[in-house]
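Some notes on the structure that comes next.
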Number of protein chains: 2
Amino acid sequence: MAAVNLKQLAKILNLSISTVSKALRDSHEIGDATKERVLAKAKEMDYTPNPFASGLRRNKSKTIAVVVPEVANNYFSLVINGIERIAQENDYHVLIYLTHEDFEKEKGIMKHLENKRVDGILMSVTMNTKNQSHLSDFQQKGIPIVFFDRICHEIETAKITTDDYISGMNATNHLIENNCKDIAFLSLGDDISIMQKRKSGYLEELHKNNMEAKPERVIKCGNDDEMNYQLVKKLLTGKNKPDGIFASVEKLAIITYQVCRELNINISKDLKVICFSNLETASLLSPSLSTITQPAYNIGKTAAEVMFKYLDKNKTYIPNENIVLQSTLHIRESSQQIV
Amino acid sequence: MAAVNLKQLAKILNLSISTVSKALRDSHEIGDATKERVLAKAKEMDYTPNPFASGLRRNKSKTIAVVVPEVANNYFSLVINGIERIAQENDYHVLIYLTHEDFEKEKGIMKHLENKRVDGILMSVTMNTKNQSHLSDFQQKGIPIVFFDRICHEIETAKITTDDYISGMNATNHLIENNCKDIAFLSLGDDISIMQKRKSGYLEELHKNNMEAKPERVIKCGNDDEMNYQLVKKLLTGKNKPDGIFASVEKLAIITYQVCRELNINISKDLKVICFSNLETASLLSPSLSTITQPAYNIGKTAAEVMFKYLDKNKTYIPNENIVLQSTLHIRESSQQIV
DNA sequence: AATATTTACGCAAACGATGTAGTAATTTTA
DNA sequence: TAAAATTACTACATCGTTTGCGTAAATATT
């Protein structure tokens, strides 16, 4: 009934606890015959070591934490997929924590992770993360953090990102090539790393094409979708509206579609739209949505691989390293000039 | 640097370890003045109890596991959202395990969970789960399982489902009312509970309307999307094709859309489509997709609440209980008769 | 005032696994 | 053949908390 432990196993085998323990860990101190006997009995009794006992003793949890803003989101769920895959391969367990873009919640979650519950943390900070004081102690406490996508520059560690600046330029350039004269950028917050890069790419490309970068064309959206809807609606109401929208995240493009439906704006003809997105159904939308697609699964996979590279060596300190993966541009109808 | 522990805290406070421990747990054995002193110092030193030590001692992990087929899926990610919310409220941690619809992987994961790493398990079995031998021991080992959606009838515990039978009838009836004479049902596997119920609803409704239930109209799809694509393509090729499709899961509807695009079949006019789905963009597809939408977030929330109801009382045995939540039918263009 | 009770704390034994140090018995080496 | 080395095991301390029990002092009861 209750799980069998080393003591019981040892008694049955008429061996000491340490012998059994060592036999199971294939120590050279134990004879082959004994090892076999122990292994067989352990299997028969369905013995599995108590993770708390070994965790306590060895100061290893065999667990990593993933801290992300959301999971009901194509991007993050693909990342988690990649992480979980690598974790399973390394016999690690994955704890999930959702911040819901709430800085305070993020701080609370990190507080929970301070005590070696996990061997490492993979995270993407919230859009509202203003400072890194809640993150800076982890490395020296022996808990490495690897950031992906929404990184924290100030912390010295590995960071997995995509070529957001280039992608921002490419997306903007694509809209310009399709005759957009007045492109709005829908941002998410303002403080986070990726937004700054995507926006910089957008601004740079405008500049390169001698187009004016009007501050009011950069819309700071937030976590409240109703408010975002109103912001986009306001943007697209009246006669002084943009003819192109570059949405920095998927949900803002979806909102744009919804607003256009309400306002009867013809996407593709009256308004070109492109966005960062991992939406599976992008090509089935009406019109199909042009996207910059991040290699989400690989981002997760890479972040986990980097983490395990250090955990395997028992190195808790990860030096600064910037790994940049490439996003791909998928041109579809929403951004195309009708011919 | 290293996290402070009880021993160090006790030494600084000039108290015994047990006094400090009891003070922190607000034991009545400790005087108020001492309590305050301990609490203050603990806060100052940023003390947090070692989860492995207390886990070992108290045989409580403060962790639940969520075992699901996928996470890159709107349904499951919403469920996880609901679960995580309740877990955070109860100061619990959430481990995620993905089976990728692989029965062997599911067995392996369950093997990992046998040793009280978690206090409870919330799960939806794979489409290929043939038997429950890997699940049946958990309850008596003191690890309760709560099933949601893809339940395991044979295990006595709480099960959260939706009204799949009724929904299957409603969806079918809706297609019939919209003039479908020949409706195909796209199933996922054949063994799992929800598929049987959805299919039963479909068959019952056909029967009620004196329509023939042709066995070849029930398509058994699987985990391989390329193969699913071919199955649907075959179904929709040639002249003897159905005029309605009832897809039992979201991804099969998406595949149907893709096939129709390739074969130039006009959904809504030539073929009516409806499916179970939590797709956020259902209304933005072309044509907009009619769905039966499960209350995914609430399913997760409910499953977690039931689990904690028992965990709180230290009851590891959960009696049989069927909680049925209602799905909602969202009629959109894909299933509508054009007027 | 003698006894009973309560208060406030400390001691020490768990929890289960690990790993160092120790020890007989056997084998190798000089 | 005596010393050294190896083999195959066991004993025991340890990881950090929790908790039952013990106990001295303070307080309450008769």
Side-chain angles (χ1 to χ4, degrees), chain A residues 1-39 41-42 45-63 91 114-119 141-142 314, chain B residues 1-39 41-42 45-63 91 114-119 141-142 314:
Chain A
M1 146 128 213
V4 68
N5 61 19
L6 274 190
K7 198 198 279 190
Q8 296 159 30
L9 203 54
K11 183 179 277 179
I12 290 172
L13 286 162
N14 222 20
L15 289 168
S16 78
I17 294 180
S18 45
T19 302
V20 177
S21 170
K22 285 171 188 169
L24 289 171
R25 312 193 119 257
D26 201 27
S27 161
H28 64 94
E29 291 182 51
I30 306 299
D32 289 341
T34 312
K35 272 185 194 169
E36 272 181 52
R37 210 159 64 86
V38 171
L39 247 28
K41 202 66 176 179
M45 308 277 297
D46 210 29
Y47 169 79
T48 54
N50 181 309
F52 292 94
S54 29
L56 175 60
R57 185 60 226 257
R58 313 182 81 185
N59 204 25
K60 272 270 174 192
S61 61
K62 282 273 178 184
T63 304
D91 250 304
E114 274 175 6
N115 48 23
K116 285 297 281 174
R117 178 180 290 275
V118 295
D119 295 342
K141 280 206 178 180
N314 262 315
Chain B
M1 146 128 214
V4 70
N5 61 19
L6 275 189
K7 198 197 278 189
Q8 296 159 29
L9 203 55
K11 181 179 279 180
I12 290 173
L13 286 161
N14 223 20
L15 289 168
S16 77
I17 294 179
S18 50
T19 302
V20 177
S21 172
K22 285 170 186 169
L24 290 171
R25 313 195 117 258
D26 202 27
S27 161
H28 64 95
E29 291 183 52
I30 307 299
D32 289 341
T34 310
K35 273 185 194 169
E36 271 182 53
R37 210 159 63 87
V38 171
L39 246 29
K41 203 65 177 178
M45 308 277 297
D46 211 28
Y47 168 80
T48 55
N50 180 309
F52 291 94
S54 31
L56 176 61
R57 183 60 227 254
R58 314 183 80 187
N59 202 26
K60 272 270 177 194
S61 61
K62 281 274 179 184
T63 305
D91 249 304
E114 273 175 5
N115 48 23
K116 286 297 281 173
R117 179 180 288 275
V118 294
D119 295 342
K141 279 206 177 177
N314 262 314

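A note on names: the letters A, B, ... follow the listed sequences, proteins ahead of strands, and every chain is numbered from 1.
- Counting any heavy atom pair closer than 4.0 Å across all strands shown, B/Leu15 reaches sugar-phosphate atoms only and no base atom.
- Atom NZ in B/Lys60 sits about 16 Å away from atom P in C/dG16, given to the nearest Å.
- For C/dC11, its base sits under 3.5 Å from the side chain of B/Ser18 at one donor and acceptor pair at least.
- Between A/Arg25 and A/Lys7, the residue anchored nearer the 5' end of DNA chain C, judged by the nucleotide with its closest heavy atom, is A/Lys7.
- Contact check for B/Thr63 versus B/Arg117: no side-chain heavy atoms found under the 4.5 Å cut-off.
- Looking at the side chain of B/Asn50, the nearest of the listed nucleotides D/dT17, D/dC9, C/dG16 is D/dT17.
- When the options A/Leu13, A/Thr34, A/Leu39 are evaluated for a side chain to side chain contact (heavy atoms under 4.5 Å, CB included) with A/Val20, the one that passes is A/Leu13.
- Among the atoms of the strands shown, base atoms are found under 4.0 Å from some heavy atom of A/Ser21.
- Looking at A/Tyr47 and B/Asn115, their side chains never come closer than 4.5 Å, going by heavy atoms from C-beta outward.
- Regarding contacts with the backbone of D/dT10, a side-chain N or O of A/Ser16 is found under 4.0 angstrom from either OP1 or OP2.
- Looking at A/Ser16 and A/Thr19, their side chains do bring a donor and an acceptor atom within 3.5 Å of each other.
- One N or O donor and one acceptor, one from the side chain of A/Lys22 and one from the base of C/dT20, sit under 3.5 Å apart.
- At a threshold of 4.0 angstrom between heavy atoms, the contacts of A/Thr34 are confined to the sugar-phosphate backbone, with no base atom among them.
- Of the residues near DNA chain C, A/Ile17 and B/Lys35, the one whose nearest nucleotide (by heavy atom distance) lies more toward the 5' end is B/Lys35.
- Rounded to a whole Å, the CG atom of B/Leu6 is 4 Å from the P atom of D/dT17.
- Rounded to whole angstrom, the span from the CD1 atom of A/Ile30 across to the C1' atom of D/dT10 amounts to 9 Å.
- For A/Arg58 and D/dT14, the shortest distance from a side-chain N or O to OP1 or OP2 is not below 4.0 Å.
- The shortest side-chain heavy-atom distance between B/Asn50 and A/Lys116 does not fall under the 4.5 Å cut-off.
- Applying the 4.0 Å criterion to OP1 and OP2 of C/dG16, one finds that A/Tyr47 has every side-chain N and O outside that range.
- For the pair A/Leu13 CG and D/dT10 P, the interatomic distance rounds to 10 Å; values are reported in whole Å.
- Atom-to-atom, CG of A/Asn59 to P of C/dG19 comes out at 12 Å; the value is rounded to the nearest Å.
- The NE2 atom of B/His28 sits 11 Å away from the C1' atom of D/dT19 (whole-angstrom rounding).
- Between A/Glu29 atom CD and D/dT10 atom C1' there is a gap of 11 Å when expressed in whole angstrom units.
- Residue B/Asn5 places at least one side-chain N or O closer than 4.0 Å to OP1 or OP2 of D/dG16.
- For the pair B/Leu56 CG and D/dT14 P, the interatomic distance rounds to 17 Å; values are reported in whole Å.
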